Protein chains: 2
Amino acid sequence: MKTPLRWPVDEDSDGTLVLERFAPEQTYKTKVYAALKQAIVNMDIYSSPDPAWLDERQLSERLGVSRTPVREAIAMLEQEGFVKSMPRRGIMVLKKSKREVIEMIQAWAALESMAARLIAEHASDAEIARLRKLFQGFNESHRPSDYLSEYSDANIRFHQTLVKISGSVALLEITSNIFMHVRGIRQITIGRDDRATRSMDDHLAIIEALERRDVEGAEKRSREHTLGLARYVEEHGDILD
Amino acid sequence: MKTPLRWPVDEDSDGTLVLERFAPEQTYKTKVYAALKQAIVNMDIYSSPDPAWLDERQLSERLGVSRTPVREAIAMLEQEGFVKSMPRRGIMVLKKSKREVIEMIQAWAALESMAARLIAEHASDAEIARLRKLFQGFNESHRPSDYLSEYSDANIRFHQTLVKISGSVALLEITSNIFMHVRGIRQITIGRDDRATRSMDDHLAIIEALERRDVEGAEKRSREHTLGLARYVEEHGDILD
DNA sequence: GACGCCCTTCTTGCATACCAGAGGGATGAT
DNA sequence: ATCATCCCTCTGGTATGCAAGAAGGGCGTC
């Protein structure tokens, strides 16, 4: 028996109500957090060799709130490794060393290959088909290497979608976080050495493995693809440091 | 030429000074964070079906600091998924659902198998030997299943050491976090169905694969071992929810 | 001129006061 | 007795003030 409610109330197949969570009222703390995170991720911190600093007071003035919610947002960002508060000195926007970037990419490879495994085991054909659709616009006459910006978008969406389709919220959260950290790096590497073309070949191979439900193959290809990026950064990532 | 300094200054092989970072002065924020995190992890939140709540004011009084550093610590813990602030209602200590625990264990399996891969590729024999030493106290006459508490310690240390030896700080940090979350669960499962004995067999197989530098084997065994725990929770983890 | 000290300034850390909203209990009507 | 309403209380959210410490510049000394 369906209850005629207009609120976000859910019902499971048994007819018992399951969850009716409301959106957690947005508070200044969370708004500041979101604004700062986006600003930091979009910031070009690697162009200058010296560190970038934030100023609590300045931020609170610019955002029109007091220092308290700003400080709480900073504390959260610090927990995620984006900034580091240096007591009485300021808030430093952290740069990742080459080593750190490589480690993050390796972790990412691990998580994403697990996602591929889970998909091969449990996802529906329709969900897997979504992945293929992402690249159907590219072919011999519309090559990734000639439309880098467009391909880069599809690329990012592929990786995000892959993890999302796995159905694991945990994998999604952890990889999203990692992705935020290595975001800037990817954009540097994708345009080099015709990596775009090889990237698409790899992706298609992953999709094919998923389509034939080849658990080990999908996992391995996914892992090797991302580890390849790690090796590339190892070789050519001297811009960092 | 060595510079006679007593401070933590390091020198690399070229003779140029490299890093001289000081410990970041402990602040109330970090102390409260550490205290709360430990308290929450050691807390028995699954014994009662209703949620556990924290009280900012009470915490600040008990810890002898003002609400400000407490709130900052809470913000950090919330970021890590240990608590959730419900505006004007209180701070809820989050319980993990069975689904969430399984997802975390799967992520852990992914990361730890990557650690195993890295070890097989790069670690020294001496480091791998450290892993074997952890279990040398157990044998036919001193069986894991008869000394569960002792074995449980060795077990935990094995997993921690494995990731540490991989040399990846990123892997270590992410897995530590996950470990904190599933800590309570492991203690419930280890004593059942003679899982301890099978656990040690698995561990030894992983170590042997590492010793013969069998990258794929070490990775696969490590992954399967932890995914086994995930399957066990899937089957018998109805205590959660 | 070079060096060292001190003081000013500017930063974050912490404490406190006040505010809005949620919950529960008392109170009143039915 | 039951139910609805109102108000009081208690919660976290935010703003603000003060203090401690770091940095840099000016000044005095050698």
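To find a chain, count down the sequence lines: A is the first, B the second, and so on, and within it residues start at 1. All values reported here derive from a predicted model rather than from experimental measurement.
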>> Under 4.0 Å, heavy atoms only, any strand: does A:Ile74 hit a base, just the sugar-phosphate, or nothing?
In response: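 No contact.
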Using atom [atom1] of [X] as one end and atom [atom2] of [N] as the other, report the distance to the nearest whole Å.
X       : N      : atom1 : atom2 : result
A:Arg71 : D:dT16 : CZ    : C1'   : 13 Å
B:Met86 : C:dG23 : CE    : C1'   : 14 Å
B:Ile91 : D:dT11 : CD1   : C1'   : 9 Å
A:Glu72 : C:dC14 : CD    : C1'   : 13 Å
A:Gln58 : C:dC10 : CD    : C1'   : 13 Å
B:Arg89 : D:dG13 : CZ    : C1'   : 16 Å
B:Asp55 : D:dT9  : CG    : C1'   : 13 Å
B:Glu56 : D:dT14 : CD    : P     : 11 Å

Test of understanding: with side-chain hydrogen bond (donor to acceptor under 3.5 Å, both in side chains), list the residues that count as partners of [X], not counting sequence neighbours.
X        : answer
A:Glu100 : A:Ser97
A:Arg71  : A:Glu56, B:Glu72
A:Lys96  : none
B:Asn42  : none

| Donor-acceptor side-chain pairing of B:Tyr33 and B:Lys37 below 3.5 angstrom | yes
Polar pairs (N or O, both sides) under 3.5 Å between protein and nucleotides 15-19 of chain C?
unit_1 : atom_1 : unit_2  : atom_2 : d
C:dA15 : OP2    : B:Ser66 : N      : 2.6
C:dA15 : OP2    : B:Ser66 : OG     : 2.8
C:dA15 : N7     : B:Thr68 : OG1    : 2.7
C:dT16 : O4     : B:Thr68 : OG1    : 3.4

Hits for side-chain contact (heavy atoms from CB on, under 4.5 Å) against A:Glu234, two or more places apart or cross-chain, chain-then-number order -> A:Lys98, A:Arg99, A:Ile102
